[in-house]
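Taking it in order: structure first as structure tokens, then the write-up.
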Amino acid sequence: MTSSSTYRNPVLNADWSDPDVVRVGDDFYLTASSFGRAPGLPLLHSRNLVDWTLLGHALDRLEPAETFAAPRHDCGVWAPSLRHHDDRFWIFWGDPDQGIFQVNAPDVQGPWTRPHLVKEGKGLIDPCPLWDAETGEAYLVHAWARSRSGIKNRLTGHRMRPDGTGLLDDGKVIVDADRLPGWFTLEGPKLYRHDGWFWILAPAGSVETGWQGAFRSRDFFGPYEERVVLEQKDTDVNGPHQGGWVRTAAGEDWFLHFQQRGAYGRVVHLQPMRWDPDGWPVLGDDGAPVTEHRRPALPPSAAAPATDDDFPGGRFGPQWSWTANPQGGWTVPHTGDGLRLACVRSADAHDPRRLPNVLTQRLPGTPCAVEVELRLDSAEPGARAGLVVLGDAFSWIGLQRGADGAVHLVHRFGETVAEAERDAAHARPAPEGRARLRIETGPHARCRFHSDTGDGFRPSGQVFAATPWRWVGALLGLFAVAPTGEPAAGTADFTGFRITAL
């Protein structure tokens with residue numbers, strides 16, 4: 001158990017992938033990868049690096065809009081870098097299929113600019129800018145995705161226009177990890193200036209099994225010397241990976257990074273940081289991740305990113321994102337509380353992995369109960385709505401209008417390799433078209449489904465082990481859909497969404 005003077009890792013126990021952090025005054029801000037979901041680029045706030053709240057997002061829609069009209073779960077926004085320069089917030093990220101983008105804003109709450117393409121190209125990922133106060137120059141470093149470029153294990157550096165709109169040269173490989181014995185999959189660089197050195201903090205060795213490296217040079221373009229500064233050692237924190245360094249106003253140094261945890265995605269850890277007599281950073285407990293540690297010398301709080309939602313006025317909170325760019329008509333305005341989703345007609349009604357209109361949030365990294373109440377208000381045979389655990393396999397429980405005109409409680413799933421869903425349990429009547437839905441998640445993201453159609457909760461089907469996508473943890477989602485046809489197919493109302501620790 002932690003005391004009021006200590007914290008335990010992870011400090012963000014859900015899929016806040018590829019985190020980066022910046023301090024502005026007494027406030028800390030964090031962003032993370034959002035891949036193909038919209039809105040994207042989440043913005044979190046903290047006063048103490050341990051307790052975080054979710055403010056909103058910097059990216060309303062992915063561009064080009066037509067490219068992300070359908071789900072692209074592992075594409076889109078990869079590994080952003082967050083900086084504050086010239087009284088503006090800046091976020092740079094790599095889209096592996098398009099190139100390096102940036103958005104900026106005078107305030108973290110916006111308004112944020114539309115995405116600007118800084119450098120076009122395939123496989124350009126993990127960019128990080130630096131405005132160097134010592135030289136007045138601006139720089140950018142990025143990594144490479146072999147799947148798009150045929151290149152990996154290298155970091156490329158550029159001079160950048162001071163206004164962040166473009167690069168001033170063709171770039172130079174400043175770290176070639178193929179020349180470093182034992183190093184592979186070098187990626188995720190974060191660029192800093194400290195003590196007269198250019199510093200690149202970058203992970204290698206892959207997300208499941210790798211380590212965190214540090215590189216330094218007197219000149220931005222190198223040569224760089226390297227050192228491993230954080231690795232698993234005898235802890236249970238596999239592959240401590242990719243994150244950002246931040247210094248408090250009082251001069252304490254800290255490092256936030258992720259750990260890959262299967263279906264839970266990439267959870268965020270906070271490590272103490274100091275500098276050794278030779279000027280190298282030392283992370284954690286002499287290079288091993290800490291489980292529990294003294295809190296930063298900053299004011300404590302009890303904050304956490306929101307999960308529950310009553311959908312006041314029919315609106316959903318910032319914890320939710322669609323699985324693709326939203327289109328008009330997916331939500332139906334109304335004057336009361338509760339989320340009213342249109343039963344969107346789709347040829348992919350049988351497979352929620354292919355639906356753009358699934359409203360999702362992250363699966364918590366600890367056992368919990370997820371509950372929501374659903375009313376299906378559609379006379380269309382085949383119209384359905386439900387609560388889903390969504391990864392490259394899925395399982396959902398909800399309501400469907402049958403060919404007999406009645407509403408049934410249904411529970412379905414799809415395996416990773418399956419083209420369509422199958423029944424996970426026998427359908428049963430749902431009087432008045434209503435049900436309370438419940439998913440209990442246990443260790444290793446094993447999910448038990450339950451429903452209450454008026455006579456108390458009953459278990460449904462077999463245990464379902466949630467699965468991630470390739471880079472994204474499993475998601476919780478709400479959806480409403482109907483088979484193809486005309487005209488509108490009615491709506492579904494979701495009320496009282498709750499996540500409770502078990």
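What you see is a predicted model; the values in this text were computed from it and never measured.
In this model, a donor atom of one side chain and an acceptor atom of the other lie less than 3.5 Å apart for N104 and R88. In summary, the side chains of N238 and Q260 do not present any donor paired with an acceptor at a separation below 3.5 Å, with no hydrogens or angles considered. Counting only N and O atoms by type, the side chains of T453 and R428 include a donor and acceptor under 3.5 Å apart. Under the 3.5 Å distance criterion, with hydrogens and angles disregarded, no donor-acceptor pair is assigned to the side chains of D15 and S17. Between the side chains of R148 and Q98, no donor-acceptor pair is found at a separation under 3.5 Å. Between W320 and D309, the side chains place a donor N or O and an acceptor N or O closer than 3.5 Å (distance only, hydrogens not considered). No donor-acceptor contact under 3.5 angstrom links the side chains of D423 and H411, judged on distance only. Residues T366 and N13 have side chains that never bring a donor and an acceptor to within less than 3.5 angstrom of each other. Side-chain contact, W144 with T156: a donor N or O sits under 3.5 Å from an acceptor N or O. Under the 3.5 Å distance criterion, with hydrogens and angles disregarded, no donor-acceptor pair is assigned to the side chains of R146 and N153.
Surrounding CG of D170 are at most 12 heavy atoms belonging to other residues, nucleotides or ligands under 6.0 Å away. Heavy atoms of other residues, nucleotides or ligands lying less than 6.0 angstrom from NE2 of H426 number 12 at most.
By the 30° and 60° cut-offs, the orientation of the rings of W93 relative to F101 is parallel. Ring geometry for H241 against F258 counts as tilted: the plane angle lies between 30° and 60°, on a 0 to 90° scale. Between F184 and W211, the two ring planes are perpendicular [angle over 60°; tilted spans 30° to 60°]. Using cut-offs of 30° and 60° for the angle between ring planes, the H73 and W469 rings count as parallel. The aromatic rings of H257 and H269 lie parallel to each other, with less than 30° between the two planes, well short of the 60° mark.
Taking the six-membered ring where the residue is Trp, the centroids of F89 and Y29 are separated by under 6.0 Å. The aromatic ring centroids of W330 and W322 lie less than 6.0 Å from each other.
Side-chain contact between C128 and L130: absent, with no pair of heavy atoms (C-beta onward) separated by less than 4.5 Å. Taking the side chain as every heavy atom from C-beta outward, P42 and S34 approach each other to under 4.5 Å. The closest side-chain heavy-atom distance from S378 to T491 is not below 4.5 Å. Within the 4.5 Å cutoff, the side chain of V358 has no heavy atoms near those of the L478 side chain. The shortest side-chain heavy-atom distance between Q102 and P115 does not fall under the 4.5 Å cut-off. The shortest side-chain heavy-atom distance between F494 and F316 does not fall under the 4.5 Å cut-off. Side-chain contact between V246 and L49: present, with at least one pair of heavy atoms (C-beta onward) separated by less than 4.5 Å. In this structure the side chain of F28 never reaches within 4.5 angstrom of the side chain of V22, judged on heavy atoms.
The backbone N or O of T307 sits less than 3.5 Å from a side-chain atom of Q319, completing a donor-acceptor pair. Although no hydrogens or angles enter the test, the distance criterion places no donor-acceptor pair under 3.5 Å between the side chain of Q400 and the main chain of L409. The backbone N or O of N48 lies less than 3.5 Å from no partner atom in the side chain of W52, so there is not a single donor-acceptor pair. In this structure, the side chain of T185 does not engage the main chain of S206 through any donor-acceptor pair within 3.5 Å. Remark: the backbone N or O of P39 is not paired with any side-chain donor or acceptor of D60 at under 3.5 angstrom. Judged by distance alone, the side chain of N325 and the main-chain N or O of L62 form a donor-acceptor pair under 3.5 Å. With hydrogens and angles ignored, the 3.5 Å screen pairs no side-chain donor or acceptor of D452 with any backbone N or O of L437. Proximity of a side-chain donor or acceptor of T331 to a complementary backbone N or O of L341 within less than 3.5 Å is not detected.
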Exercise for the section: Start with the C-alpha distance between R384 and V410, add both sets of side-chain angles, then the distance that settles side chain to side chain contact (heavy atoms under 4.5 Å, CB included), and finish with yes or no. Expected result: CA-CA 9 Å; R384 65 195 67 182; V410 297; 5.8 Å; no
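Rounding to the nearest 0.5 angstrom, the gap separating the OG1 atom in T441 from the CZ atom in F449 is 10.5 Å. The line from CG of L124 to CD1 of I100 is 5.0 Å long, rounded to the nearest 0.5 Å. In this structure, the separation between CG on L399 and NE2 on H408 is 10.5 Å, given to the nearest 0.5 Å. Atom CD1 of I439 is separated from atom CH2 of W396 by 11.5 Å, given to the nearest 0.5 angstrom. For the atom pair CZ (R37) and NE2 (H57), the distance works out to 8.0 Å, reported to the nearest 0.5 Å. The CG atom of L387 sits 13.0 Å away from atom CD of E373, with the distance rounded to the nearest 0.5 Å.
A cation-pi contact links R72 to F68, judged by a cut-off of 6.0 Å to the six-membered ring centre and 45° from its axis.
Residues R340 and D493 are paired through a salt bridge, judged by an N-O separation under 4.0 Å between the basic side chain and the carboxylate. In summary, R446 and E440 do not engage in a salt bridge, as defined by a charged side-chain N under 4.0 Å from a carboxylate O. Salt-bridge formation is detected for the pair R114/E63: a Lys NZ or Arg NE/NH1/NH2 atom is positioned less than 4.0 Å from an Asp or Glu carboxylate oxygen. For the pair D351 and R353, the salt-bridge criterion is met [side-chain N within less than 4.0 Å of a carboxylate O]. Salt-bridge annotation for E486 and R345: absent, with no side-chain N of the basic residue lying under 4.0 Å from a carboxylate O of the acidic one.
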